[in-house]
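Sequence lines set the chain letters: A, B, ... in the order given, protein chains first and strands last, and positions in each chain run from 1. All values derive from a computational prediction rather than experimental measurement.
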Number of protein chains: 2
Amino acid sequence: MKKFSSRFSIAVHILSVVSWNSSLSTSEFIAGSVNTNPVIIRRIISSLKKAGLVSVKAGTGGTYLNKELDEITLLDVYRAVEVAQQGELFNFHEHPNPACPIGANIESVLRKNMLKAQTAMEQELAQVTLKQLVSELSEKTVETAKG
Amino acid sequence: MKKFSSRFSIAVHILSVVSWNSSLSTSEFIAGSVNTNPVIIRRIISSLKKAGLVSVKAGTGGTYLNKELDEITLLDVYRAVEVAQQGELFNFHEHPNPACPIGANIESVLRKNMLKAQTAMEQELAQVTLKQLVSELSEKTVETAKG
DNA sequence: ATTCGTTGTAACTATAATGATTACATCGAG
DNA sequence: CTCGATGTAATCATTATAGTTACAACGAAT
């Protein structure tokens, strides 16, 4: 295929940092944790803003959650930053030969089945909230500190 | 994201044509139905060969199924032509800051959850055989013929 | 054995998405 | 007004994909 971009994992990373300390969460600071350029962070935060997940204090800096952690699912984040809209994960070859009975009908048949597969994936993402994820993260952090 | 390549849909198209008439299935002929270049078809057939799904008569031409239609699932085709191996659909940002407790642990936590989502999608693909798909295709073809 | 259509690949090109970076106008608190 | 931060445009390198040309090797048919 071509995997999903890293935007999704960075977006989750951003939200985790924001949930830990909103006022410290400047693009500069988050970029330090993600280890990338601040502009990358600002672009992804821009997507999260459009999706209504966060607000940003322009000028001053800092990013704030618009919802509680348990009201944000991985699917919300996925939808906010990935280009694929619902039902569009799979690509189809553009112009099959309409004169061929197979070429004429393969797309609609395949599309129906692919939509089921994509929906199954999205339902899994919908079942994980950021609250759960941050909770798993802090368990892991404690383990790391111990070991 | 970046969608899956069209290789998957072309591969299913190819197998559908082959199941309809093996000896007619030269790369040239299939390319006519898919409406692309014969080399594209040969490259994908090459992947299908490596996966053991088909055999090709070099020199003479023609592509032959190695398994029955109901023994080939969409997951088999997906695995044959897409680059992503099991558990690798999602990309992760490469080098988060290990000094940050979030950066140090986010990947493993996220990876676990993403694997569940990917597996759910693959299980859906595993439940559709080419036999079912070709059957849906011929129903559709009859409808189209009727008008 | 030669011919002819086909396969199997390599090589090259164009296009598009991504990630990174620089630059700069604008915002807002102090 | 100043200073740090945001928002965004522009540019660049890298990579995957899709398409195309070219050509050696294969195999059946004559």
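- Taking the side chain as every heavy atom from C-beta outward, A:Leu65 and A:Ser19 approach each other to under 4.5 Å.
- Within residues 57-67 of chain A, the residues approached by DNA chain C to less than 4.0 Å at the level of any non-hydrogen atom are A:Ala58, A:Gly59, A:Thr60, in residue-number order.
- For B:Lys49 and C:dG8, the shortest distance from a side-chain N or O to OP1 or OP2 is below 4.0 Å.
- If you check the side chains of A:Glu136 and A:Gln132, you find no donor sitting under 3.5 Å from an acceptor.
- The aromatic rings of B:Trp20 and B:Phe29 lie parallel to each other, their planes meeting at an angle below 30°, with 60° marking the opposite boundary.
- Residue pairs that meet the side-chain hydrogen bond (donor to acceptor under 3.5 Å, both in side chains) test with at least one member in residues 46-60 of chain A, sequence neighbours left out, are A:Ser55-A:Asn66.
- The side chain of B:Asn37 has D:dT20 as its nearest neighbour among D:dG7, D:dT20, C:dT21.
- Dashed line: the shortest gap from a side-chain N or O of B:His95 to OP1 or OP2 of C:dA20 is not under 4.0 Å.
- Within residues 39-48 of chain B, the residues that place at least one heavy atom under 4.0 Å from DNA chain D are, in residue-number order, B:Val39, B:Ile40, B:Arg43.
- With sequence neighbours left out, the side-chain contact (heavy atoms from CB on, under 4.5 Å) criterion links B:Glu68 to B:Asp70, B:Glu71.
- When atom types are taken as modelled, the side chain of B:Ser33 and the backbone of B:Ile30 share no donor-acceptor pair closer than 3.5 angstrom.
- Residues A:Lys112 and A:Ser108 form no side-chain contact, since every pair of their non-hydrogen atoms from C-beta on lies 4.5 Å or further apart.
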Would you give me the side-chain donor-acceptor pairs under 3.5 Å for residues 95-106 of chain B, sequence neighbours excluded?
| unit_1 | atom_1 | unit_2 | atom_2 | d |
| --- | --- | --- | --- | --- |
| B:Asn97 | OD1 | B:Ala99 | N | 2.8 |
| B:Asn97 | ND2 | A:Gly32 | O | 3.1 |
| B:Asn105 | OD1 | A:Thr144 | OG1 | 3.0 |
| B:Asn105 | ND2 | B:Pro101 | O | 2.9 |

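- Contact check of residues 11-33 of chain B against DNA chain C (heavy atom, cut-off under 4.0 Å) returns B:Thr26, B:Ser27.
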